[in-house]
Protein chains: 2
Amino acid sequence: MTIKEIAKLANVSLGTVDRVIHKRGKVSKKTEEKVSAIIKKVNYQPNIYARGLVLNKSYDIIALVPSFVEGEYWEMPSKGIKMAEKNLSKFGIKLEILYFDQNSVPSFIEKADELIKLKPDGVILAPVINFEAAKLTKKLEKANIPFSLIDSNIPNSNALSFIGQDAFQSGKLAAKLMCSEIKAQGTISIITIKNNENHNKTLQQRIEGFKDYIYNSDFIADISLTENNIHLGSANWEECLTQACNPDNDTVGIFVPSSMIHYVAKCIESNVDTMGNIKLIGNDLIANNVKYLKKGIINYLIGQRPENQGYLALESFYKHLVLEKQVPSEKYLPLDIITQENLMYYNDDDVVSM
Amino acid sequence: MTIKEIAKLANVSLGTVDRVIHKRGKVSKKTEEKVSAIIKKVNYQPNIYARGLVLNKSYDIIALVPSFVEGEYWEMPSKGIKMAEKNLSKFGIKLEILYFDQNSVPSFIEKADELIKLKPDGVILAPVINFEAAKLTKKLEKANIPFSLIDSNIPNSNALSFIGQDAFQSGKLAAKLMCSEIKAQGTISIITIKNNENHNKTLQQRIEGFKDYIYNSDFIADISLTENNIHLGSANWEECLTQACNPDNDTVGIFVPSSMIHYVAKCIESNVDTMGNIKLIGNDLIANNVKYLKKGIINYLIGQRPENQGYLALESFYKHLVLEKQVPSEKYLPLDIITQENLMYYNDDDVVSM
DNA sequence: ATTAAGAATGTGTACGTACACATTAAAAAC
DNA sequence: GTTTTTAATGTGTACGTACACATTCTTAAT
C-alpha cells in the first residue's frame, strides 16, 4: 500500500497525503480526516527503502568507553559496538569510538569535551566514572543529543536506553552457586582487586548481593565471611593476595566480584597443594578467566553478555533514529552461569549475531 | 560512492557499470577491467535502499513446526519466528507457519505436501519426525528451495543453516549441576516422559551426555543410576511416575531430559515429606517449569534459547535472500543454566531483541 | 564502398517517498 | 465586482539502482 494508492482512494493528490502523514498542516480539516481514516484503514506502512533512499541521512554516533589492552573486560563491549556498526552502517549509522583511561578523571573530561565538540547525533556512554559521566549527560541533554548508557546506569538521567546488568542479583547468583559447591564448613572470602581507588558501584552491588544471599541462607551457620581489598598499584600486592586467599587455612570459597578473578586463580594454581580445594567464582568471560575455568581452578564465571550490551546500545540508535521506533528505556541482560561444560557455546565469537 | 560516480570515473555510462557489476556480459574486456578496478578501488557498496526499492522483491518463507497448546515447548520457537517476521517484513520477508502434530506422521506428510505446493522461497523446518523430515529435505533440494533446520539437525542435508543445541553437552551439563547439588550418596534417576513412541534423538543424546559425565566423575562410587520411561498415554502413568521417583527411598536426584520435568515436580510437590530433598534438573523455560523453579522444587533448568532459534532461522533467510550474505551453516546456541536467582532476566519477553 | 550483422555502449523509465515549488480555490479587502 | 491575500491542493524533481530499450561503433560480407 503506497501513498499513491491512498491518494487515489481519497481523491486527493500525493502532496496532500504527504502533508497529512507528516502533519505539515495546510490541509483542510475535512480532507485531513478523510485521508487519516484511509491511512488507518489500510494500515499504511511507509516503504523503508524509498524512505531511506530519499532521506539518505547518516547519523554520527560516538561511543565513549574505557580503553583496554587485549583480553581485558572492556574489549568486549567495544567489540559488540563495532559488530553492530558493521551491520548497521548500510542504514546510515556511522560510529566513532572514543576511549578514556578509566583510572584517570582528566582523561575522561578531555574525551567528553572532544565528544561535545563533534556534535554527534547520538552517544553511547559507559559511566564508569560516575560523577563526571553524570555531568556529561546533563550537557548532552541540554544539547538535545540522545544518549544510551551501557554497563551501569545513571538513575534519572533521561537516557534513551540503559543496557546492562543487575549487579546485586549477580552477586546473589554467585553466592547461590558458591553454596551449591561448598561441601564443608569454613570461611568464604570476598576479594576485591582494583587498580585505582575509585568507588565502583557495580562491584559494591555484587558484594551486597552476595552477602545478602549468604546471610539469608541455611549455610550461614557453617561459614564465616571475610572481605579483602587488593590494590594492584601497591608494591606487595602479590603477597597480600596470597595472604588473603587462605589466611586461617580454612577457606572453602573465594568470590571476586569482577573480571580480576584470574589473579586469584593464578595464586591458587601456584599453591595448589594447600589451596587446591578452594572454590572460585567470579565474573566475565575474558581470556585469562577462561583459561582457569578450563583448568578447573575457577568453578563458575558469571557473564552479562558485554558484547550484546555494546551491540544493543548502537542498535538502540538505529531503532530510534532510522526506524523511529520506541526503544525500551531499560534492558537488563541475562546473568549467564558459565562452567566448563557450557563454556564452548558462550565463547563463540558470534554471540551477537542477533 | 554511487554507480553514477563510478561511471564518471571510468568514462563510461551507467549501463556499462551496471553490466560489469551484474556480470551481464556485453562489455569489452578492456572496459570491464577498467571498471572493475575502479569498483574495487573505491570499495563500492550498493545502496541497499535504492536496491531494495527497485527490486521490491518479497520472499515467502514457510515454517513447518510442531503445533502446541499454550505453555508447551514449541510455542517458544514459533514465538521467535513470529518476532523475526515483525522485524523483517519491511524488508520483504513474508512468513507462513504450518503446524503439524508431532505425534502423527500422516499430519506431517500432509503439511509437507501442502508446503511443497506453495512453492516458497525458503523453508524453516523442525525435523522432529526424523525420517519424514529427511524425505522432505530431499524434495526441497530437488526443487531448489533453500531450507534451515531448527532444534535438531539432519546431517548432510545441505541445509542453508542449522540452528540448535548440542544435546549431548546439555546432558553433561545437567549431570555436572546434579553432582554439585548432591551432598549425600544414593540413587540418581533419569526419567523420560513422552506421549508417543517415536524415537527422539535429542532426548537420547541428553541422556547419553548425562551418563557420560556421571560415569567419568568422582561421584560414581557414591551413586547408582537408574532409568525409567513414563508414557503419558498409559492409564496409570501417574502411579508409574510416583513409583519411579523414589523406588528405594534413596533417590537424591532426578534428571528429566526434556521440558516434561514439571510432571515430576508436581509429583514431588505432593509427596514433599518423603521426596522433598530430591534435586531436580530438567530442560526448558516453559511456564509450568518456571512455576516449580520459583517454588524451589526444580533446582536447575537448562535452556537453549528456543525463541532465538526461531528468530535466527528466519533471519538466516533475510541474510541469504535480501542481503545476499553468507550465513553460517551451523549455529549452536549457548546452554543456559537457569535457577531462581537468574530466572527473571531469562524469562523476559524480549530475549530475542537482537 | 556499401550494407548488414553483431558487439559494445548509452539512455530512459520505474520503484515510493520527501520536499520545494506551482497552481487553484476561497475568503477578505477595496 | 474586482483585486489582494491566504488557505488548500496539485505538480515536479531527486534519491541510486535495475533493467528494457535505443543508439553507436566494429567488423565482416557483399
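Here is the naming used below: chain letters follow the sequence lines, and residue numbers restart at 1 for every chain. As the structure is a computational prediction, the values presented were derived from the model and not from experiment.
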Inset, instruction - Check whether any side-chain heavy atom of B:Ser157 lies under 4.5 Å from a side-chain heavy atom of B:Leu149, and answer yes or no. - result: yes
B:Ile48 atom CD1 is separated from D:dA18 atom C1', nearest whole Å, by 16 Å
- Query: Is there a side-chain polar atom (N or O) of A:Arg19 under 4.0 Å from OP1 or OP2 of D:dT9?
  - Reply: no
>> OP1 or OP2 of C:dG10 versus the side-chain N and O atoms of B:Thr16: is any pair under 4.0 Å?
In response: yes
Any A:Thr31 side-chain N or O less than 4.0 Å from OP1/OP2 of D:dT9:
yes
Rounded to whole Å, CD1 of A:Ile3 lies from C1' of D:dT11 at a distance of 15 Å
Taking for B:Lys29 and for B:Leu55 the nucleotide of DNA chain C with the nearest heavy atom, the one nearer the 5' end belongs to B:Lys29
Among C:dG10, D:dA18, D:dC15, the one nearest any side-chain atom of B:Val12 is C:dG10
In whole angstroms, the gap separating P of C:dA8 from CD of B:Glu33 amounts to 13 Å
Any side-chain to backbone donor/acceptor pair from B:Ser36 onto B:Glu32? Under 3.5 Å, distance only.
yes
query = With ring centroids as reference points, do A:Tyr318 and A:Tyr59 lie under 6.0 angstrom apart?
reply = no
Rounded to whole Å, the CG-C1' distance (B:Leu53 to C:dA18) equals 13 Å
In B:Ile145, B:Asp113, B:Leu115, the residue satisfying side chain to side chain contact (heavy atoms under 4.5 Å, CB included) with B:Lys139 is B:Asp113
note: B:Glu5, atom CD; D:dC15, atom C1'; distance rounded to Å ~ 13 Å
A:Lys26 atom NZ is separated from C:dA20 atom C1', nearest whole Å, by 11 Å
Any salt bridge between A:Glu315 and A:Lys331, counting N to O under 4.0 Å?
-> no
Practice problem: Kindly say if A:Thr2 contacts the phosphate of C:dC15, meaning a side-chain N or O under 4.0 Å from OP1 or OP2. | Solution: no
**Request:** Mind checking B:Asp18 for me? I need base, sugar-phosphate or nothing, with any heavy atom below 4.0 Å counting as a touch.
**Result:** base
Item to complete: Please check the phosphate of C:dC19 (OP1 and OP2 only) for any side-chain N or O of A:Arg24 closer than 4.0 Å.
Response: yes
_Residue-phosphate contact under 4.0 Å: B:Arg51 side-chain N/O, D:dG16 OP1/OP2_ = no
From OH of A:Tyr49 across to C1' of C:dG16 the rounded distance in Å is 13 Å
Under 4.0 Å from OP1 or OP2 of C:dT17: is there any side-chain N or O of A:Tyr44 that close?
yes
From CG of B:Leu323 across to C1' of D:dT17 the rounded distance in Å is 16 Å
Short side-chain N/O contact to C:dG10 OP1/OP2 from B:Ser13, under 4.0 Å:
yes
